[in-house]
K.L.:
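Before anything else, here's the structure in question.
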Amino acid sequence: MEDRYLCKARPIGTRKQWVTGFYAILGEKTVIIVNEPEKFYDVDSGKNSHGNKIVEVIPKTICQCTGLKDKNGKLIWENDLVKYLFSDTIAPIRYGSYQSCFDSTKTEHVGFYVDWSVTDKKYMRKDLGYWINMVDVKIVGSKIDNPELLEVQS
């Protein structure tokens with residue numbers, strides 16, 4: 001399974017646990033389909049089962065994988081928080097259209113970017129690939145797990 005196609009979210013009824021797999025909507029339920037090749041216990045049927053496990057999740061916690069890894073080999077996700085060490089500035093990773101601060105033609109780019117607009121560093125380069133390869137930045141948590149990190153800057 002390729003990492004860039006993965007999503008993660010919190011299951012309904014839990015606040016700290018994450019499930020990782022493929023995002024889907026089944027009927028009116030938002031779910032993550034977890035590839036479980038091994039035997040697992042199916043709570044709904046009360047039996048052991050094989051194959052994919054379908055977990056209903058909280059829609060607002062869904063985060064898409066960027067396909068990139070940090071310096072420790074850990075996957076980087078949408079809503080992860082990037083900390084710029086020289087100024088202690090923290091900003092979330094988002095997916096969508098953005099303009100590079102170096103682009104004088106006002107061209108819109110689409111992809112994962114660091115949203116410096118939540119800080120006073122709006123002029124900083126937004127390209128996620130650029131920041132992930134810098135030694136002076138690190139992932140310090142996620143916007144969902146650590147919302148207080150962004151509130152400090154407001």
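What you see is a predicted model, and the numbers here were worked out from it, not measured in a lab. Note: hydrogens, waters and symmetry copies are ignored here, and every other heavy atom, side chains too, is used.
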K.L.:
Any idea which heavy atoms bring S142 and W18 closest together, and the distance?
P.N.:
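What the structure gives for the nearest pair is OG-CZ2, 4.4 Å.
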
K.L.:
Roughly how far, to the nearest 0.5 Å, is the CG atom of N79 from the CG atom of D115?
P.N.:
10.5 Å

K.L.:
Shortest non-hydrogen contact from K143 to L150?
P.N.:
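Looks like CG-CD1, 3.8 Å.
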
K.L.:
What do the steps show when you test L6 against Y23 for side chain to side chain contact (heavy atoms under 4.5 Å, CB included), and what is the final call?
P.N.:
CA-CA 8 Å; L6 293 175; Y23 163 74; over 6 Å; no

K.L.:
Once side chain to side chain contact (heavy atoms under 4.5 Å, CB included) is applied, do any residues pair with T66, and if so which ones, sequence neighbours excluded?
P.N.:
L68, I76, I93, F112, L128

K.L.:
What residues form a ring pair (Phe, Tyr, Trp, His ring centres under 6.0 Å) with Y130, not counting sequence neighbours?
P.N.:
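Y130 satisfies ring pair (Phe, Tyr, Trp, His ring centres under 6.0 Å) with no other residue.
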
K.L.:
If the condition is side-chain hydrogen bond (donor to acceptor under 3.5 Å, both in side chains), which residues does N146 pass it with, not counting sequence neighbours?
P.N.:
none

K.L.:
Decide yes or no for D127 and Y98: does some side-chain heavy atom of the first lie under 4.5 Å from some side-chain heavy atom of the second?
P.N.:
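Yes, at least one pair of side-chain atoms sits under 4.5 Å.
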
K.L.:
With sequence neighbours excluded, tell me which residues meet salt bridge (charged side-chain N to carboxylate O under 4.0 Å, His left out) with D70.
P.N.:
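With neighbours one apart ignored, the set is empty.
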
K.L.:
Partners of K83 by side chain to side chain contact (heavy atoms under 4.5 Å, CB included), sequence neighbours excluded?
P.N.:
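Only L85, D88, I90, V140 meet the side chain to side chain contact (heavy atoms under 4.5 Å, CB included) criterion with K83.
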
K.L.:
I'd like a table of donor-acceptor pairs (distance under 3.5 Å, sequence neighbours excluded) in which one partner is a side-chain atom from residues 56-65, with atom names and distances.
P.N.:
unit_1 : atom_1 : unit_2 : atom_2 : d
T61    : OG1    : R10    : N      : 3.0
T61    : OG1    : I58    : O      : 2.7

K.L.:
If the condition is salt bridge (charged side-chain N to carboxylate O under 4.0 Å, His left out), which residues does K138 pass it with, not counting sequence neighbours?
P.N.:
none

K.L.:
Check whether any side-chain heavy atom of K126 sits under 4.5 Å from a side-chain heavy atom of R94, and report yes or no.
P.N.:
no

K.L.:
What are the two closest non-hydrogen atoms of Y113 and Y95, and how far apart are they?
P.N.:
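Heavy atoms of Y113 and Y95 come nearest at CE2-C, 4.1 Å.
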
K.L.:
Go through the steps for V55 and V31 under the test side chain to side chain contact (heavy atoms under 4.5 Å, CB included), then give the verdict.
P.N.:
CA-CA 5 Å; V55 181; V31 301; over 6 Å; no

K.L.:
Report yes if the side chains of I144 and W77 come closer than 4.5 Å at any heavy-atom pair, otherwise no.
P.N.:
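I144 vs W77: side chains apart.
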
